[in-house]
Amino acid sequence: MASGQESSGTTLMDLITSDPATAASAAPSPAPAAAASTLGKPVTTDRKSKRATLTQIQNDTIAAAKALNPVRAIPQRQKKKPVSYAQLVRSIHELAATSDQKSSQKQLVQHVFPKLAVYNSVDPSVAPSLLMLHQQCEDRNVLRYVYYYLARILSDSGSQGLSPGGGIPTPNWDALADIDAVGGVTRADVIPRIVNQLTADATNADPEFHSRRLAALKALTSTSASSSEILEKLYEIVFGILEKVGDAKQKRRKGLFGKQGGDKESNTRSNLQYAALSALRRLPLDPGNPAFLHRAIQGISFADPVAVRHALAIISDVATRDPYSVAMALEKHIEHGGALHDILHLHDVLARVSLARLCHSLSRARALDERPDITSQFSSLLYQLLLDPSDRVCFEAILCVLGKFDNTERTEERAAGWIRLTREILKLPEAPSVTIKDTDNPTAKVNTVKPSSKAKRPQPLIKLVMRRLESSFRSFSRPVLHAAARVVQEMGKSRAAAYALGLYDVDEGIQLHAYSENAESLDSEFNSGSQSEGTRKTVPVSNGPGGMDTIAGLLASLLEVVRTTVACECVYVRAMVIKALIWMQNPHESLEELQSIIACELSDPAWPSALLNDILLTLHARFKATPDMAVTLLEIARIFATKVPGKIDADVLQLLWKTCLVGAGPEGKHTALEAVTIVLDLPPPHPGSMLGLTSVDRVSASDPKSALALQRLVQAAVWFLGENANYAASEYAWESATPPGTALMMLDADKMVAAASSRNPTLAGALTRLQRCAFSGSWEVRIIAAQALITIAIRSGEPYRLQIYEFLHALSLGGVQSQFSESQISNGEDQGASGTGLGSLISPMLKVLDEMYRAQDDLIRDMRNHDNNKQEWTDEELKKLYETHEKLLNLVSLFCYVPRAKYLPLGPTSAKLIEIYRNRHNISTSTGLNDPAVATGISDLVYGISELVYESKEAEKESDAIDPELAMAWAAGLEDGLWGKNAPAMEKVNEFLAGAGTDAPDVEEEENITSRPSVTYDDLWAKSILETYEAEEDDARSSGTSSPESTGSVETSISSHFGGMSYPSLFSSRPSGYGVSQNSEIRSGNNGRRFSNTSTGGPTLEGIGSPVREEPPSYSSSVLQRFESFENPLAGRGAQSFGSQDEDTGSHNPQFGKALYDFTAGGDDELSLTAGEEVEIDYEVDGWYYVKKKRPGRDGRMAGLVPVLYVSSS
Amino acid sequence: MILAVLFTNTDGNILVERYVPHLLPALDSFDSVNTFPPIPSFHGVPAEERLHWRSFLVKLGADNLKGTKNEELLVASHKSVFVVYTILGDVCIYVVGKDEYDELALAELIFVITSSVKDVCGKPPTERLFLDHYGKICLCLDEIIWKGMLENTDKDRIRRLIRLKAPTDA
């Protein structure tokens, strides 16, 4: 099915030739003709000497064809045998030679050419014969085909003329390739010849030749735009023709819809005008060329409607680049009764569409700010197009009014568009000559117009538009419905933009008008003057009873009609309607209706998954436009998760969760998290249950596949919860206000829970959900839930940690108990079914917590002892304490990321002592030797990954331009105020989505590469998701989430993403050459925030990525430096730490190493080495070690630089 | 830009296939950039893309065109690309476009195509009839769509042009 004729075994040629009548006459006939012609014709056709070469080529080709297909009898009695391409080509060669005979012409027109059309294109070897036909044949039908195929040859972009993919792939193409090689006819040979002959045609002014002239010009424009020579020639021809025919003052006759009767001369002129403009339209735009514009503007007055259409299209294109010149050139035409007004009545839809676009470009052009008279004329014309009888034109006009031109508009333009739509008034010009369409019935055909006095009354645009859309929504045509819904969607976008920018004074409106329904109503006192165009007066809309004539009223009635459209049987229309509704949804409006519509819709199994993901992406786009709507949108997304878990992409959903959580702002975070985790509260799906299809919370996973998908979603949600609960709750152990002592006293579980939930309901809620999942989910879910719990335990302060500890303890005991009770019958493999099955997973978690608590107890005891004895802490004691601290830190880091510089496993009270020890011993807060990533050998992976990182540099560069402010906000992690202050903070959100992510962004990207090298967002996007807005594609490209699958093991959970949190992972402690670390002596006493001060410049990861750092350095510069260091490993210190982390302990502890290879010094400062030699590594610079040897070597030197790779450090 | 025109019979066999040398959006994870060796392009459209689109359209027709009235227009969209399709006699017609060729412009286009096909064949064509007039239909298409743009819309005019006569009597 999919691949058409190939798979079914029947080729199109089979189909065509399967007709007995055709086959009988067609297939055999070429052969005899061929036999005759190949023998005699070369001589007889040699009538004109200039054709000699053509004939020669033709002969060669035929010979080649014969050589390759020696069996001449193939076509002969085999009626069902499909004609091969080679046979057809041969027939052409042969018939061309006898083209003066009627029978040959008939053969060509009836059999050969039509069948050749199956191949879509022909190869250059046919060209000589075609050109011969072109010269000799008089038959119009033959010639039409000749022009057709010549144009095809010209347009073939394949360099060798043969595009093997062209037409129907059959073995014949291979044979042809050989012919091509043997016959030696290449494109390069024939193209100039074709162009010459066609040019001769196109410049032939002979009236007899008129139609051929038009056809030749058309064929010529097929040339690919790459050949400047041919283009030059074409411009010359086109302008030559327009020179002759363009200037004539021609009045387009009224009565445009009938045939144009006219004298021969004017018809010829009109045809030439058409052909020339049509050709001009296909030529590359030449905006700077005044002749180009001049000719195009002349075209507006041409008689041929297609010519006018092309002229307008050209002008409209030029207008986007050079609005001023275009406006000046059009000055006469835009005047009342000018040619542009005539186009309103031109019977060509696309011409009027182009007119709308032209009017839009010119009325919005900055260059014309000085000429409000002109812009207002264009605006007025644009508004008149809103009354156009064609939906296509009317919708284009609406989109133009809304500021949607292509996909590149800025938010401001869209916002201005909404204001324009809601405030502008259409005032029809009072010209008796202009026929006025009935505004009350805009769909009335234009030729039934009757001027009515009512129609002349100024109408607010919004009202016209709403009525028009409502009537369109009653159409039966699906394209009309689809388009109307799309227009409503664009309306929603513009509206959202207006709200987002605060241009739209709706808020004032609400406060000022008690009748909040009318909040959006036009208010002339407010807006006149400021927004309306100079020439029009703004008048109140209230010319009808009730609230119908307020914008809110109009919108409500429109949306009512839109909603009924979901009854359309076409899912694409319904999808567009839902998208429109999502866009028209405002943050403060009730969500229920939309929710129930979507819930209803999703119960329909006809929805393709691509379309559903498309809608999810619409939610995403909607969120970007209005971050306030995060919670609303999450609610909607939830419906997708519950209704069609099998059809939506968990990654898309997670992306939405993540961005919404981030964008929800401080007060919305709780609700956002709730909305995500509501997925967890779902009852397990009931197979086959079809009850309550419309209920939002009902899971409809009736088949195993969707049940599985639902479970994946649940896993994703659990993982998401674990990673982001602390962020959402703004609860971090290293910021906890509660001293540990308090927690330890709250050992009573009930009190603890009460205290916990009163202090932070978000976190408490998340904990409750996770605990339930750890108990009752499927085994996979339980694993992830346990991991999520330990993550929260480690990151949260008391009493949450204790609460989780208690819970995990109970959980493991439960598991153990059940194992005991079933130990006789269980082989231990059905743990998932019997116990919790999590014992092995939980016990190390408990051990970590145990150790932490024990160490905390010890510390408190020691402190009390010291206090009691009024003793100072000795260095030895401090060292011991610090070692414990480091050890615990390493342990903790195995489970989840914590900021090493800030995290205090021994509790807040240890901070001071640790600080003292660090300062005293000049210990960097950075990871250095003790980094568990190094210790566990994870950092070894770095080498393997580095290449990948390097390769993906290009992609990462997208995120180069991170707003430093944003980076700071994210590095600081908790500065919710930023979101609050700048809400909607569109750009920031966009940047966030573009990869300036929640986490220190480049760190996360590396993580992505680390943990899921195969899945980038490009893949994700391309995979199954349909994207409506191309602009979004870029935005979302590099922002990543991880799939829950990656959390399957402890390792991956370490390297996994940290959702909405500003945590880099352990992995990112690798190369990270954040240039800042070079400022080696920067030390800041406050709060333990210190940059690396060791001479080896260990990566100051925390310096950059720590969520609690106060003054992050400029992000962009550091990122930049990082890239530089990747590009040139010798250029910066960044790379140096790359492979040498192990010995990054600072200048105070010089490293020892051994020379791996012999090295001969190449410069004065270099040092020769002998393999096996012991050296002491002093420091590293740009990929070189400065080493000292124990004794002088061959060169008599003791110390110098050696390449890093030549030394293995111990 | 009109991106593609596709004619199939009711079994989904391709009868006419025209792609315009401009990018159709990728239909799925197929990544044309990374393919090696490069897939030969067909009028600028990579072969594999073409196959994806072909199967996408044929499936669309198979799912929706059953029981549809002659010339009733159906619509679909993919990314920023619009598809309008219909059935005429035994022939399914699909057109794909983007930008100014939205659903409604494509509806105009498909109307021009169907009226020309009817004009050439004399009635809504059977598959046989369509194939018998195959060449003429291709010429019609050539007059209707030229370099990705809608050209002639008037069927009389098209009829004149495929006989190499001037669009208006000269």
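Sequence lines set the chain letters: A, B, ... in the order given, protein chains first and strands last, and positions in each chain run from 1.
- Each of B:Leu74, B:Thr8, B:Val83, B:Val75 has some count of heavy-atom pairs under 4.5 Å with chain A, and the biggest count is that of B:Val75.
- Along residues 113-125 of chain B, no residue comes nearer than 4.5 angstrom to chain A, judged on non-hydrogen atoms.
- Heavy atoms of B:Glu108 lying under 4.5 Å from chain A belong exclusively to its side chain.
- Taking B:Leu150, B:Asp99, B:Ile137, B:Leu104 one by one and counting their heavy-atom pairs under 4.5 Å with chain A, the maximum is reached by B:Leu104.
- Ion pair B:Asp142/A:Lys218 flagged as a salt bridge, since at least one NZ, NE, NH1 or NH2 atom sits closer than 4.0 Å to an Asp/Glu carboxylate oxygen.
- Remark: the B:Thr168 side chain and the A:Asn271 side chain contain an N/O donor-acceptor pair separated by less than 3.5 Å.
- The 12-atom threshold is exceeded at CZ of A:Phe209, counting heavy atoms of other residues, nucleotides or ligands nearer than 6.0 Å.
- Under the 3.5 Å distance criterion, the side-chain polar atoms of A:Tyr572 are left unmatched by any main-chain donor or acceptor of A:Arg478.
- Of the atoms belonging to A:Arg309, it is side-chain heavy atoms, and not backbone ones, that fall under 4.5 Å from chain B.
- Inspection of the A:Ser211 and A:Arg140 side chains reveals an N or O donor paired with an N or O acceptor under 3.5 Å.
- A donor-acceptor contact under 3.5 angstrom links the side chains of B:Glu127 and B:Asn9, judged on distance only.
- A salt bridge links A:Asp317 with A:Arg281: the closest approach of a Lys/Arg side-chain nitrogen to an acidic carboxylate oxygen falls below 4.0 angstrom.
- Heavy atoms closer than 4.5 Å to chain B are found in both the backbone and the side chain of A:Val480.
- Of all the listed residues (A:Tyr148, A:Phe113, A:Tyr147), the one sharing the greatest number of non-hydrogen pairs under 4.5 Å with chain B is A:Tyr148.
- Comparing B:Asp102, B:Thr153, B:Leu73, B:Val84 by heavy-atom pairs within less than 4.5 Å of chain A, the highest count is held by B:Asp102.
- With respect to the salt-bridge test (charged N to carboxylate O, under 4.0 angstrom), the residues B:Glu100 and A:Arg392 do not qualify.
- Proximity to chain A is limited to the side chain of B:Leu60, based on heavy atoms less than 4.5 angstrom apart.
- By the 6.0 Å and 45° rule, A:Arg357 stacks over the aromatic ring of A:Phe405.
- Using a cut-off of 4.0 Å between Lys/Arg side-chain N and Asp/Glu carboxylate O, A:Asp348 and A:Arg352 are scored as not salt-bridged.
- With sequence neighbours excluded, the residues satisfying ring-ring contact (aromatic ring centres under 6.0 Å, His included) with B:Phe130 are B:Phe7.
- For B:Leu106, no part sits under 4.5 Å from any heavy atom of chain A, backbone or side chain.
- Ranked by heavy-atom pairs under 4.5 Å with chain A, the list B:Arg157, B:Glu151, B:Lys136 is led by B:Glu151.
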